[in-house]
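As structure tokens, the structure follows; a few thoughts come after it.
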Amino acid sequence: MLTGRIRACTASAAALAAALVVTGSAGAAGDGRKDGRKTAPQDDRSRVVLAGGVFAEPGGTTVPPAVTYDRRLVPAGATIAVAQLTDRRGMSVSLTVRGLPADHAYEAHVHTRPCGSRPEDSGPHYRNVRAPGTPSTGSRDDGPENDPENEIRLELETDDHGGDEDRASRTWRFRAGEARSVVLHERSARHGSGRTGHAGAGVACLTVPFAPAAPAGR
């Protein structure tokens, strides 16, 4: 049952990305909300969040929901969609992109702050286990908290049409208010030792109001 819901969640992200290509909308297609979030209650224990956008450059004091910092790697008009399924056993996060350069490798991570006019505005990677001696939004480059399973990491290698998708499933859930965006990095990081390594510079970002764990007792 859970596997079926995860597949449906991934399909929803792909459908949203395709719809954004057609409509050119800046936010989640058909959700009617200004924050780009669409929620669909599945049962008493699970929730789905959908968010997406058409990449555009930041302008003045406004930052679009999907912002590109490098039009060569993420051209304006390309689309991104994210779907999150959360239940008592954990969560799954799916990512779909369309319209990026063909045959190019990217890596995406969930970050702790919303997108801003600069790549660094989205903060560091979200970590389930926080690095000792650091703030809740901080991280280090070594230690067990840097294990790939301790964060959401998605790897993309675009096809001839500039599209791809990936999904990550975890047995933990985000802390409330600490997971705020998905950032695309310019290339896949190297993971020779099983650690997360270092992704390239952030080239684009999508603000996503991820759902935290359901309240206790539900």
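Small disclaimer: the values here were computed from a predicted structure and weren't measured.
The two residues Cys115 and Tyr69 have their closest heavy-atom pair at CB-OH, 4.2 Å. The shortest non-hydrogen separation linking His185 to His111 is NE2-NE2, 3.5 Å. Between Gly53 and Leu206, the shortest heavy-atom distance links the atoms N-CD1, 4.1 Å. Of all heavy-atom pairs between Pro64 and Pro58, the closest is CD-CA, 4.0 Å. Closest non-hydrogen pair, Val203 versus Glu186, comes out as CG1-CB, 3.7 Å. The two atoms that bring Pro101 and Leu73 nearest to each other are CD-O, 3.1 Å, heavy atoms only.
At least one side-chain heavy atom of Arg175 sits under 4.5 Å from a side-chain heavy atom of Tyr126. With a 4.5 Å cut-off on side-chain heavy atoms, Ser46 and Thr86 do not count as touching. Residues Ile152 and Met91 meet the side-chain proximity criterion, which asks for heavy atoms closer than 4.5 Å. The shortest side-chain heavy-atom distance between Leu156 and Leu184 falls under the 4.5 Å cut-off.
Ile80 is connected to Leu100 through a chain of hydrophobic side-chain contacts under 4.5 Å among Ile, Leu, Val, Met, Phe, Trp and Tyr, so both are in one cluster. Put simply, Leu50 and Leu85 are part of the same group of oily side chains (I, L, V, M, F, W, Y) that touch within less than 4.5 Å, one to the next. Transitive grouping of hydrophobic side chains (ILVMFWY, heavy atoms separated by less than 4.5 Å) keeps Leu95 and Val67 in distinct clusters. Residue Phe55 is grouped with residue Leu154 when hydrophobic side chains (ILVMFWY) are merged at heavy-atom distances under 4.5 angstrom, including chains of intermediate members.
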Report task. Check the pair Phe210 / Val82 against side-chain contact (heavy atoms from CB on, under 4.5 Å), numbers first and verdict last. Result -> CA-CA 10 Å; Phe210 286 107; Val82 171; 4.0 Å; yes

Requested in this report: Report the C-alpha separation of Gln84 and Val93 in whole Å, then their side-chain angles, then the decisive distance to 0.1 Å, and conclude whether the side-chain contact (heavy atoms from CB on, under 4.5 Å) test is met.
Outcome: CA-CA 4 Å; Gln84 178 201 18; Val93 177; 4.2 Å; yes

Requested in this report: I would like to know whether Phe174 and Val110 meet side-chain contact (heavy atoms from CB on, under 4.5 Å); could you show each step before the answer?
Outcome: CA-CA 10 Å; Phe174 295 130; Val110 172; 3.9 Å; yes

Requested in this report: Mind running side-chain contact (heavy atoms from CB on, under 4.5 Å) on Glu107 and Arg153 for me, showing each step along the way?
Outcome: CA-CA 7 Å; Glu107 184 160 317; Arg153 187 186 74 208; 3.0 Å; yes

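A donor-acceptor pair is defined here as one N or O able to donate and one able to accept, closer than 3.5 Å; such a pair exists between the side chain of Ser181 and the backbone of Arg113. Using a distance-only test at 3.5 Å, with no hydrogens or angles considered, a donor-acceptor pair links the side chain of Thr68 to the main chain of Val74. Proximity of a side-chain donor or acceptor of Arg47 to a complementary backbone N or O of Pro212 within less than 3.5 Å is detected.
Between Glu120 and Arg118 there is a salt bridge, since a side-chain N of the basic residue sits under 4.0 Å from a carboxylate O of the acidic one.
Pairs engaging residues 62-83 under the salt bridge (Lys or Arg N to Asp or Glu O under 4.0 Å) rule: Glu57-Arg71 [sequence neighbours left out].
Separation of atoms OG (Ser122) and NE2 (His109) is listed at 11.0 Å; rounding is to 0.5 Å. Taking OG1 from Thr158 and CG from Asp103, the interatomic distance works out to 6.0 Å, rounded to the nearest 0.5 Å. In this structure, the separation between NE2 on His125 and CD on Glu151 is 5.5 Å, given to the nearest 0.5 Å. Residue Asp121 holds its CG atom at 12.5 Å from CZ of Arg180, rounded to the nearest 0.5 Å. To the nearest 0.5 angstrom, Asp87 atom CG is 7.5 Å from Arg173 atom CZ. Separating the CD atom in Glu165 from the CD atom in Glu155 is a distance of 14.5 Å, to the nearest 0.5 Å.
Under the salt bridge (charged side-chain N to carboxylate O under 4.0 Å, His left out) criterion, Glu157 pairs with no residue at all, not counting sequence neighbours. For Asp164, the salt bridge (charged side-chain N to carboxylate O under 4.0 Å, His left out) criterion is met by no residue, not counting sequence neighbours.
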